[in-house]
Amino acid sequence: MLELAAEDGIEPLEPLPPGYREVPAAFERAGRGLRAKEVCEILGIGTEPRHTESVRGKLKRLVDRDILTEPEPGLFTLTPPEADLTRG
């Protein structure tokens, strides 16, 4: 897939950094939309404001990369696979 994108002149997305890889997996395990505090709980990190704000920042960056969506403020979901085909 990355090769096809490169052939079309589209820059392939860089792989997720290690601190971000477990976030989409948390959504897959949950099978539903999650809030930052719930992601913290699933990942087994603290739920203090500093932790939830850090995770919220990661979630927002994943929205920017079209990996997650934010259908309502503070609620995040995985981007449906068919939506990924319409990018570009």
Side-chain angles (χ1 to χ4, degrees):
M1 178 98 161
L2 294 178
E3 293 149 357
L4 292 175
E7 289 175 7
D8 291 338
I10 301 169
E11 284 293 316
L13 292 176
E14 295 179 25
L16 291 176
Y20 287 77
R21 292 182 190 145
E22 65 272 3
V23 176
F27 283 88
E28 288 176 7
R29 282 189 299 239
R32 60 182 175 82
L34 299 170
R35 299 192 179 277
K37 187 173 182 177
E38 294 172 304
V39 174
C40 289
E41 291 168 350
I42 290 171
L43 297 178
I45 58 178
T47 57
E48 297 173 6
R50 64 188 174 114
H51 298 122
T52 57
E53 290 304 316
S54 173
V55 167
R56 185 172 289 109
K58 287 182 181 181
L59 296 173
K60 294 280 190 178
R61 286 187 283 282
L62 291 171
V63 167
D64 291 341
R65 291 184 72 169
D66 293 325
I67 295 169
L68 298 178
T69 60
E70 190 176 8
E72 65 180 65
L75 180 67
F76 299 88
T77 61
L78 284 172
T79 299
E82 61 275 0
D84 196 28
L85 296 176
T86 61
R87 289 188 347 190

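Rounded to the nearest 0.5 angstrom, Leu34 CG and Thr77 OG1 are separated by 9.0 Å. How far CD of Glu70 is from CZ of Arg35: 9.0 Å, rounded to the nearest 0.5 Å. For the atom pair NZ of Lys37 and OG1 of Thr52, the computed distance is 8.0 Å after rounding to the nearest 0.5 Å. In this structure, the separation between CZ on Arg50 and CD1 on Ile45 is 10.0 Å, given to the nearest 0.5 Å. Atom-to-atom distance recorded for Arg61:CZ and Arg65:CZ is 11.0 Å, nearest 0.5 angstrom. A distance of 9.5 Å separates CG in Leu78 from CD1 in Ile67, rounded to the nearest 0.5 Å.
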Determine all donor-acceptor pairs shorter than 3.5 Å in which one atom belongs to a side chain in residues 21-28; sequence neighbours excluded.
residue, atom, partner, partner atom, Å
Arg21, NE, Leu16, O, 2.7
Arg21, NH2, Leu16, O, 3.0

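Here the rule is side chain to side chain contact (heavy atoms under 4.5 Å, CB included) with Val63, and of Thr79, Thr69, Leu68 only Leu68 fits it.
Between Cys40 and Gly46 the shortest heavy-atom distance is CB-O, 3.5 Å.
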